[in-house]
Amino acid sequence: MKAERVFQVLLCSGLLAGAWLYGQYWKRAAVPNAEDHSGDLRGVNAELTRELDELRDEVAQVRSLLAKGSLAIPDDLISFVEKDSGMVFLRAPLAKLASPDVLRNAAERNLNLLSGKGAIELEEEAWKTIGLIPSNTALRGQWIAIETIDTRGLFDLTSGEILLPEDFDPVSIPDSGSLVHQLARQLQLQNYPLPAIWESPDEARAWQAVHRGAASGVQGRYMLRRTATEDIELDDAGGYEREALLLQLSPAMQGFANFPYLEGHRFAKKAYGQSRDAYRAIFQNRPATSFEILHPDADHEELEAGPISNIGALGLRLLLEPYVGNETADKIAAGWLSDRYEIEAARLNWRLVFAQPEIAQSFVEGLQQIETEGRSINIDGTHVDVALPLKK
């Protein structure tokens, strides 16, 4: 018998046995002249305690077994994900239960894989210096918290495994919906493997937005299908603790964290509505920048040469929004062509290129509203060079 089936049998047996023993205890406790039977009652109580302890040990052993082995994924979920995505699994889907520590470690491995080992600390310095995040931000810790708090599943990019929390409930529709999301990501990665190297941090963010946005679409369609026949609110899917965490973070961190589930989802949904071929094409010919997700219909010939993209159009928009407003920040980001920063001699040198001189001028005017000591700005047509003293 499979481990998960053993667990279900033991759990049900434990509940039934516990209920029966509990009933027997109170039957005996209700006998007349309880004082004359106090010794018997103490014996019964001890026996009940021993029985329950044994049941708890058995359940713990099965949970341990499940954590080490793979869970059996329902065939109907696999079929739904394959049919909805227009792809097939090249290898059997893998999922297993994981402790909070295992989930956190996997989230950190994903972070290192997408950012480059040690690169997240350099990015933190650059973002603080530019003014994208507050000076007290611990970027690595915040990203790991965003990925793991209140999570009902996590996809380990390094192993290709789906990790589920120890209290995962396969009968729960929200939990099964989360599993569908992770299955969609596993299916995507099997058919379209990770690139050997990221050309820029913004490219990694664009890749993640496409994959997560598409997986959210699969999950949403699954949830709508289930709720059409069963009584459940979509809000029951949870995520409230994550939303509460995001509200405590800077607007830029909120924007980066929600990018896959908003703009990434819209980008994937548009392709899905066209055809399965168009949908698969977003994984095969993936966007190299966040700009291509934010402005999929824009026609910047310069982007075809492979733009330099550190904070990208997304980071530029998030940087300026608090100072110039959403509409102006979006217009400036729509005119972004490339940006690169380098850190040397305790200074950050940042070069940006825009489509028109007017856009470059608007960017400079917005940047000047961000109070920063020791900053120098030089504008030459569509090129802007910014130098800033490094903030730790």
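Predicted model only: the values in this text are computed from it and were never measured.
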Report, as yes or no, whether the 6.0 Å neighbourhood of atom CG on D76 holds more than 12 heavy atoms from other residues, nucleotides or ligands.
-> yes
Mind checking whether F283 and Y279 have parallel, tilted or perpendicular rings, split at 30° and 60°?
-> perpendicular
Give a yes or no answer on whether the side chain of Q284 reaches the backbone of Y192 with a donor-acceptor pair at less than 3.5 Å.
-> no
Linking I/L/V/M/F/W/Y whenever their side-chain heavy atoms sit closer than 4.5 Å, directly or via other members, would L262 and I282 fall into one cluster?
-> no
For residues E123 and P201, determine if any side-chain heavy atom of one lies less than 4.5 Å from a side-chain heavy atom of the other.
-> yes
Take V386 and R375 through the side-chain contact (heavy atoms from CB on, under 4.5 Å) test and state the conclusion after the steps.
-> CA-CA 7 Å; V386 184; R375 178 184 59 204; 4.0 Å; yes
Apply side-chain contact (heavy atoms from CB on, under 4.5 Å) to Q182 and Q186, showing your working.
-> CA-CA 6 Å; Q182 306 308 328; Q186 194 172 57; over 6 Å; no
How long is the span from the CD1 atom in I146 to the OG1 atom in T151, to the nearest 0.5 Å?
-> 12.5 Å
Should T129 and Y341 count as side-chain neighbours, where that means a heavy-atom distance under 4.5 Å?
-> no
Show which residues join L103 in its hydrophobic cluster (side-chain heavy-atom contacts under 4.5 Å, direct or indirect), or state none.
-> V102, L154, L163
Is any side-chain N of the basic residue among D167 and R152 closer than 4.0 Å to the acidic one's carboxylate O?
-> yes
Search all heavy atoms of T148 against all heavy atoms of A107 and return the closest pair with its distance.
-> CG2-CB, 3.7 Å
Backbone N/O of D84 and side chain of R276: donor-acceptor pair under 3.5 Å = yes
How about S290 and D202: does a side-chain donor come under 3.5 Å of a side-chain acceptor?
-> yes
Polar side-chain atom of R225 near backbone of F80 as donor-acceptor pair, under 3.5 Å | no
Would you say F155 and I162 make side-chain contact, with heavy atoms under 4.5 Å?
-> yes
Test salt bridge (charged side-chain N to carboxylate O under 4.0 Å, His left out) applied to E321 and R317, step by step = CA-CA 6 Å; E321 274 182 349; R317 190 187 73 178; 3.5 Å; yes
At their closest point, which heavy atom of Y222 faces which heavy atom of S176, and how far apart are they?
-> OH-OG, 3.0 Å
May I ask you to decide if D385's main-chain N or O and N378's side chain share a donor-acceptor pair within less than 3.5 Å?
-> no
Tell me, please, which residues at least two apart from W207 pass side-chain hydrogen bond (donor to acceptor under 3.5 Å, both in side chains).
-> H211
side-chain contact (heavy atoms from CB on, under 4.5 Å) between F168 and L179, worked out = CA-CA 10 Å; F168 179 82; L179 177 55; 4.1 Å; yes
Nearest 0.5 Å please: distance from the CG atom of L224 over to the CD atom of Q219.
-> 10.5 Å
State plainly whether one hydrophobic cluster holds both L122 and I308, where clusters connect Ile, Leu, Val, Met, Phe, Trp and Tyr through side-chain heavy atoms under 4.5 angstrom apart.
-> no
Aromatic Y272 / basic R221 pairing, under 6.0 angstrom, 45° off normal = yes
Using a cut-off of 6.0 Å, state whether more than 12 heavy atoms not belonging to N136 lie near its atom CG.
-> yes
Heavy-atom nearest pair, A252 first then L132, reads CB-O, 3.2 Å
Closest heavy-atom contact between P165 and L97?
-> O-CD2, 3.4 Å
Rounding to 0.5 Å, atoms CG (L367) and OG (S362) come to a distance of 12.5 Å
Main-chain N/O of L113 paired with W198 side-chain donor or acceptor, under 3.5 Å | yes
Flag, side chain of N191 to backbone of V88, donor-acceptor distance under 3.5 Å = yes
Reported CG-to-CG distance for the pair L316 and N310, which is rounded to 0.5 angstrom = 12.0 Å
Please examine the side chains of E166 and S99, heavy atoms only from C-beta on, and report whether any two atoms are closer than 4.5 Å.
-> yes
Is there a side-chain contact (heavy atoms from CB on, under 4.5 Å) between V353 and H383 once you walk through the steps?
-> CA-CA 5 Å; V353 182; H383 292 65; 3.6 Å; yes
Heavy atoms of other groups near R280 CZ, more than 12 under 6.0 Å | yes
Within-4.5 Å side-chain heavy-atom neighbours: F354 and I332 = yes
Is E342 paired with R351 through a side-chain N to carboxylate O contact shorter than 4.0 Å?
-> no
Report yes or no: does D330 contribute a side-chain atom to a donor-acceptor pair with the main-chain N or O of N326 at less than 3.5 Å?
-> no
Do I311 and I377 belong together in a cluster built from hydrophobic side chains that touch within less than 4.5 Å?
-> yes
Looking only at non-hydrogen atoms, find the nearest pair between F259 and L294 and report the distance.
-> CE1-CD2, 3.8 Å
Minimum side-chain heavy-atom gap D175-P170 below 4.5 Å | no
Taking the side chain as every heavy atom from C-beta outward, state whether W143 and F256 have any pair of such atoms under 4.5 Å apart.
-> yes
Enter the distance from W127:CH2 to L318:CG here, rounded to the nearest 0.5 Å.
-> 8.5 Å
In terms of heavy-atom contacts, L187 and S85 come closest through CD2-CB, 3.7 Å
Distance-only donor-acceptor check, side chains R140 and N112, under 3.5 Å | yes
Donor-acceptor contact present, side-chain E161 to main-chain D156, <3.5 Å = no
Does the N349 side chain pair with the main chain of A387, one donor and one acceptor, at a distance under 3.5 Å?
-> no
Check whether any side-chain heavy atom of L320 sits under 4.5 Å from a side-chain heavy atom of T328, and report yes or no.
-> no
When you check the gap from the basic side-chain N to the acidic O, do E124 and K128 get nearer than 4.0 Å?
-> yes
Any salt bridge between E147 and R212, counting N to O under 4.0 Å?
-> yes
Step through the shown structure and confirm whether more than 12 heavy atoms of other residues, nucleotides or ligands are within 6.0 Å of CD on E327.
-> no
Looking only at atom types and distance, does a side-chain atom of E82 sit under 3.5 Å from a main-chain N or O of F89, one as donor and one as acceptor?
-> yes
No-hydrogen, no-angle side-chain donor-acceptor test under 3.5 Å, T289 and E292 = yes
Worked verdict on H265 versus Y261 for ring pair (Phe, Tyr, Trp, His ring centres under 6.0 Å) = CA-CA 5 Å; H265 173 66; Y261 305 103; 9.1 Å; no
Measuring from L319:CG to I133:CD1, what's the distance to the nearest 0.5 Å?
-> 11.5 Å
